[in-house]
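Some notes on the structure that comes next.
When reading the values below, keep in mind they use all heavy atoms of this one structure, side chains included, and skip hydrogens, waters and symmetry mates. Note that ligands are numbered from 1 as they come in the structure, with each ligand's atoms numbered from 1 the same way.
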Amino acid sequence: MEKHKKQHIGLIFGGNSSEHDVSKRSAHNIYDAMDKERYDVSLFLMTKNGYFLDHEASSRVFDGEPEDEVAKQELAKLDLKNPLARIINLAEESDIDVFFPIIHGNLGEDGTIQGLLRLLHKPYVGTAILGSAMSFDKDITKKIVKLAGVPTTRYEVITPLTAEQYSYESLSDELGQTLFIKPANQGSSVGIHKVENAEEYSEGIRDAFRYDSKVLIEEAIEGPEELEISILGNDHPIASKIGAIRVPKDDAFYTYDNKFVDASQVKFDVPVDISEELAQQITEMGLTTYRALGLKGMARIDYLVSKDDKPYMSEVNTLPGFTNISLYPQLFAASGISYSELIDRLIQLAIDEFERQSKILYDFKPLPPRDQNINK
Ligand SMILES: Nc1ncnc2c1ncn2[C@@H]1O[C@H](COP(=O)(O)OP(=O)(O)O)[C@@H](O)[C@H]1O
Ligand SMILES: [Mg+2]
C-alpha cells in the first residue's frame, strides 16, 4: 500500500477534565476545517478515565456511537496490567507527522500530554511543557506576568496547611469586601466562588479545595468588562482583534452553566468596539504575556477591565476552545485568518518549533563518550 503523501495528523481529544465534551466539540470543528487534500487525520480519543482509544474506535465515537459503550468494549481489549495500557493506542500508528492535542484543562493544557509527545519525539501543536504548566496554574501565571510588568488582580494563595492563618475578615481588609475564590489549577469556572461574607467564604474554600490543594483568594473587579485576545505564533507572535463576553446582568459572573449548559444568554462581541488606547494596551499586554510564559503556537488571553477602563490580565488558555461559540478562531476570522488557514499555520508552527528544538538538542549533544576524554 502506498505510504501517506499527505501530512498525517493525530488529532487528540476528550480527556478527563470537566471540559471533555467541550474538547469533543473543538475536535469536530478542527477536523472539519482541515483541508483533506493536504491532511490525513487519525483520531485519538482520551476517555473520561484517561485511556486513549485507537483511531478506529475514536472514529466511531466521533461519528456518534455512545462513548461510554465504545470505551467499555475497548478497555476490555487492553491488558490493564501493562503499565502502558493507558497510552498504548496512541503509539499504534507510527507514521503520524504532527499531533494536534485539543484536550482542554487537566492533562491536556498542564504540560502532561506535551511531555508524552516529547517522549514520542513528535511535533505537536501548542506550547511545550513548562509554558503549559505555568499557564495552567493561575498563581504562577500571575507571578510571571507581574514580573514582566503586566497588571493583574491582587490575591493571596492558601493551602489546607495555611488556610487557618487567613480569615474572611483579614482577606477582605486587604483585598476588599467581594472576593473570588479559585482553585489554582482548574478551568471552566469549576470550583470558583464569588463571596461577600465569612460564611460564604468558608463554604467557598471548602469547595475549592475539592479541586486543588492550592487556592487563590482574589480581589474582585466590580462589574468587569471581560475581554479576550487570540495570539498565534512562536518567536514572532501576532495578535488578533479583541472580543468581549457579556454575561447576563443578574449572573454573578461567567459561570460553568452559562459557558456550557445554556450559553444562549451570553453575548459575544467580535470584535468589540473599544478605545484605541485600551485595544493597544491589551494587545501589548497579550504579547508580553505570551513571551513571558514562553508560549508557542497559540493562546487565548483573557482580561477583566474595571469601570475606570483599567485592564487586568486574568488568565491564559494554551489550548483554547474551538467550539462554534469559541472566541479563539472567531477573533482570527475577524482579523482575516480563516479557520482552515489557522489550522494550517498551527501545524506549520508545530513543525518549526520541533525542528528548532531538535536542532538545539542535537547541535550541543551528545557529549563525547566519557572514556574518550578521561586521560587527556
Ligand atoms: N477578580 C475577579 N473579579 C471579577 N470577576 C472575576 C474575577 N475573577 C474571575 N471572575 C469571573 O469568573 C469567571 C471565571 O474565572 P476565571 O479566572 O476566568 O477562571 P476559569 O479558568 O475557570 O475560566 C470569569 O470569566 C469572570 O466572570
Ligand atoms: Mg476564564
Side-chain angles (χ1 to χ4, degrees), residues 17-19 22-23 103-106 108-110 132-143 145-146 150-157 171-172 174-196 200-201 204 207-208 210-212 214-230 243-261 263 265-269 272 286 289 299-308 310-321 323 325-328 331:
S17 81
S18 50
E19 290 165 284
V22 182
S23 166
I103 290 186
H104 310 303
N106 188 39
E109 274 185 272
D110 63 0
S132 299
M134 290 198 295
S135 303
F136 195 58
D137 184 307
K138 291 185 162 78
D139 168 41
I140 303 294
T141 306
K142 284 173 190 283
K143 286 191 168 124
V145 304
K146 229 160 109 184
V150 173
T152 175
T153 44
R154 292 176 303 138
Y155 67 99
E156 292 284 350
V157 169
L171 288 162
S172 57
E174 180 194 339
L175 301 168
Q177 192 194 337
T178 308
L179 301 170
F180 270 84
I181 299 179
K182 299 180 186 178
N185 291 271
Q186 249 299 330
S188 324
S189 300
V190 171
I192 296 195
H193 298 268
K194 180 180 180 181
V195 305
E196 303 194 325
E200 288 174 358
Y201 172 81
D207 182 59
R210 288 171 53 211
Y211 301 98
D212 198 346
K214 179 166 152 187
V215 165
L216 276 71
I217 315 291
E218 205 175 297
E219 73 172 315
I221 304 298
E222 198 203 319
E225 169 113 277
E226 302 202 36
L227 301 183
E228 306 193 341
I229 194 167
S230 302
I245 292 169
R246 302 192 200 287
V247 293
K249 279 260 176 306
D250 357 324
D251 287 25
F253 59 96
Y254 192 23
T255 58
Y256 183 87
D257 282 3
N258 54 35
K259 279 180 183 172
F260 305 121
V261 180
Q265 300 305 306
V266 180
K267 301 271 177 292
F268 301 94
D269 274 350
V272 63
T289 298
R300 197 194 72 227
I301 304 180
D302 300 350
Y303 300 82
L304 297 167
V305 182
S306 65
K307 290 209 162 115
D308 58 352
K310 275 214 200 99
Y312 297 86
M313 199 293 302
S314 178
E315 61 154 342
V316 174
N317 297 277
T318 50
L319 293 173
T323 70
I325 63 161
S326 296
L327 283 197
Y328 185 83
L331 286 171

Considering heavy atoms of the protein only, find what lies nearest to [atom] and give residue, atom and distance to 0.1 Å.
atom                    : answer
atom 25 (O) of ligand 1 : E226 OE1, 2.6 Å
atom 16 (P) of ligand 1 : E315 OE2, 3.8 Å
atom 22 (O) of ligand 1 : S189 N, 2.5 Å
atom 12 (O) of ligand 1 : F253 CD1, 3.2 Å

(Q) Whether the Q177 and S172 side chains hold a donor-acceptor pair (N or O, under 3.5 Å, no angle test) is what I'd like checked. (A) no

Taking only heavy atoms of [X] into account, list the atoms of ligand 1 that are under 4.0 Å away from them.
X    : value
Y254 : 13 (C), 25 (O), 27 (O)
A220 : 1 (N), 3 (N)
E218 : 1 (N), 2 (C), 8 (N)
L304 : 1 (N), 2 (C), 3 (N), 6 (C), 7 (C), 8 (N)

Considering all heavy atoms, the nearest [X]-[Y] contact:
X    : Y    : answer
L327 : F268 : CD2-CD2, 3.9 Å
I181 : A208 : CG2-CB, 3.7 Å
S18  : V190 : OG-CG2, 3.8 Å
E109 : F136 : O-CB, 3.8 Å

Mind checking whether [X] contacts ligand 1 via backbone (N, CA, C, O), side chain (CB onward), both or neither, at a 4.0 Å heavy-atom cut-off?
X    : value
K182 : side chain
I192 : side chain
F180 : side chain
K259 : side chain

Q: Would you check whether I221 has a nitrogen or oxygen atom less than 3.5 angstrom from a nitrogen or oxygen atom of ligand 1?
A: yes

Q: Consider every N or O of E219 and every N or O of ligand 1, then say whether any pair is closer than 3.5 Å.
A: yes

Q) Under the side chain to side chain contact (heavy atoms under 4.5 Å, CB included) criterion, do E219 and L179 qualify, and how do the steps go? A) CA-CA 5 Å; E219 73 172 315; L179 301 170; 5.7 Å; no

Q: Rounded to the nearest 0.5 Å, what's the gap from OG1 on T318 to NE2 on H104? Could you check?
A: 10.5 Å

**Q.** Under-4.0 Å salt bridge between K142 and E218
**A.** yes

Q) Does a sphere of radius 6.0 Å around NZ in K310 hold more than 12 heavy atoms from other residues, nucleotides or ligands, not counting ones at 6.0 Å or beyond? A) no

Q. Hey, is there an N, O or S on E315 sitting under 2.8 Å from the Mg ion (ligand 2)?
A. yes

Q | ligand 1 contacted by K138 (non-hydrogen, < 4.0 Å) | A | yes

**Q.** Worked verdict on K267 versus D269 for salt bridge (charged side-chain N to carboxylate O under 4.0 Å, His left out)
**A.** CA-CA 7 Å; K267 301 271 177 292; D269 274 350; over 6 Å; no

